[in-house]
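Computed from a prediction, not measured in an experiment: that's the story for all the values here.
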There are 2 protein chains.
Amino acid sequence: MTPRTREQFQAMRVRTREKILDRSLVLFANKGFHGTSIQMIAEAAGISKGLIYSHFKSKDDLLEAIIRQGFEIMERETAGSADPDPAAYLANLIEDYYRMLLKHETFWQLYMGLMFQPGIVLRYKEVMMEYYERMVSEYARIFRALGVKNANLEARLLGAIFDGIAINYFFDRERFPLKRMKKILLRRYLPDR
Amino acid sequence: MTPRTREQFQAMRVRTREKILDRSLVLFANKGFHGTSIQMIAEAAGISKGLIYSHFKSKDDLLEAIIRQGFEIMERETAGSADPDPAAYLANLIEDYYRMLLKHETFWQLYMGLMFQPGIVLRYKEVMMEYYERMVSEYARIFRALGVKNANLEARLLGAIFDGIAINYFFDRERFPLKRMKKILLRRYLPDR
DNA sequence: GTCTATAATATGATAGAC
DNA sequence: GTCTATCATATTATAGAC
């Protein structure tokens with residue numbers, strides 16, 4: 001038996017950490033932060049309770065790591081959608097939203113669920129707000145460029161529409177007409193295409 | 001000292017029950033079902049833990065009572081909005097939504113928060129779905145009467161818009177322009193008024 | 001790097017006194 | 001009708017063996 005190299009140990013550690021993050025994301029999203037115990041996470045990840053604490057110093061710390069990672073991924077994957085043509089840019093952003101919603105469904109569900117728990121969200125409110133405001137101000141810029149009246153208000157409405165679509169989709173995945181809803185949105189906001 | 005009459009005892013009991021319902025609604029809405037302990041509810045209501053169990057047989061039972069009561073109130077207070085003129089009816093429903101959102105803010109917050117926790121919501125999904133579908137099918141009827149294309153889809157979109165507005169309002173009550181948003185909605189859906 | 005055992009505390013729920 | 005005391009269990013987190 002060859003002894004494991006330092007790299008192999010590190011790779012193990014990374015894999016364990018990712019497993020914890022991955023499984024607790026699913027549990028937090030579906031059962032809520034307080035509805036999920038460390039025990040449940042350990043079982044879902046196929047490891048011991050103790051090992052979780054060698055990666056994260058507390059349950060809160062674990063949640064924070066999940067949120068930070070989620071936003072990082074989201075931002076990385078939506079970079080490069082800007083377009084000098086405002087209509088094209090808006091179309092990209094609508095596509096982005098749908099792509100992210102479907103690709104990172106679980107994180108999205110966790111994120112929105114947390115919004116309804118002021119007690120928990122307080123610590124993360126700033127990072128969430130920052131992400132949200134950045135999106136809305138992009139929408140507003142586009143609407144202004146397109147000559148829309150009340151651009152700021154319309155931008156907030158578009159943000160709200162996205163959120164509402166997500167809620168309804170999560171509540172009843174099978175029946176909510178996600179695809180057709182996108183068509184309606186594109187037709188409403190970009191009638192000339 | 002006159003001994004208390006049976007009526008006085010019953011009045012006390014009713015008041016206690018209402019206090020429990022009232023305070024636990026606020027706590028469940030703000031901290032989540034699992035984030036709220038019976039201890040916290042007892043403290044908030046200024047009574048003992050034990051007394052809660054003389055009114056509700058379990059924490060789950062308490063949540064169910066809150067939900068049922070909430071929907072009953074909502075339905076009672078939105079009855080009688082129907083109007084033979086579809087445009088007037090739609091205007092009424094938009095007004096209804098806003099009135100209910102503001103008047104029963106806490107219940108609304110609890111209700112939407114629960115939507116993101118499949119584990120909890122499962123037991124109440126039917127009653128929630130029923131309420132929601134009834135509203136959406138009313139919207140659809142109106143849109144058909146107004147000659148709108150894709151009436152069903154447009155109805156679902158309106159429902160989603162309402163939900164999205166609620167989310168955004170809850171997340172940042174001070175800054176979200178609730179009133180101006182209503183104006184935009186009324187203008188968009190009822191441009192002739 | 002991972003596990004088992006355990007500490008310290010909090011929780012949902014009940015029994016019995018007043 | 002209400003409260004206090006208590007039970008049984010579950011929870012977060014840590015210590016120490018392998």
Between CG of Leu51(A) and C1' of dG1(C) the distance, given in whole Å, is 7 Å
Taken to the nearest whole Å, CG/Asp60(A) to P/dT11(D) is 16 Å
Considering only heavy side-chain atoms of His55(A), the closest of dT2(D), dT2(C), dT12(D) is dT2(C)
Here the distance between atom P of dT12(D) and atom NE2 of His34(B), to the nearest Å, is 12 Å
When rounded to whole Å, the NZ to C1' distance for the pair Lys57(B) and dT14(C) reads 15 Å
Test ring pair (Phe, Tyr, Trp, His ring centres under 6.0 Å), reference Phe28(A), set Tyr111(A), Phe107(A), Phe33(A), output is Phe33(A)
Side-chain atoms of Phe9(A) come closest, of dG12(C), dG1(C), dA13(D), to dG1(C)
To the nearest angstrom, the NZ-P distance between Lys19(A) and dT2(C) comes to 12 Å
Ser37(B) has its side chain closest, among dG1(C), dC3(D), dG12(C), to dG12(C)
note: Phe56(A), atom CZ; dA13(D), atom C1'; distance rounded to Å ~ 15 Å
By nearest-heavy-atom nucleotide on DNA chain D, the more 5' of Lys49(B) and Gln10(B) is Gln10(B)
query: Looking only at side-chain N and O atoms, does Ser54(B) come under 4.0 Å of OP1 or OP2 in dT2(D)?
result: no
Whole-Å distance, Tyr53(B) OH to dG1(D) P, equals 19 Å
Worksheet item: Backbone N or O of Ala151(B) within a donor-acceptor pair of the Arg144(B) side chain at under 3.5 Å?
Response: no
Would Asn152(B) and Tyr139(B) count as a side-chain hydrogen bond (donor to acceptor under 3.5 Å, both in side chains) here? Give the steps. CA-CA 8 Å; Asn152(B) 275 309; Tyr139(B) 303 154; over 6 Å; no
Rounded to whole Å, the CD1-P distance (Ile38(B) to dA8(D)) equals 20 Å
Quick check, are the ring centers of Tyr169(A) and Phe176(A) under 6.0 angstrom apart?
no
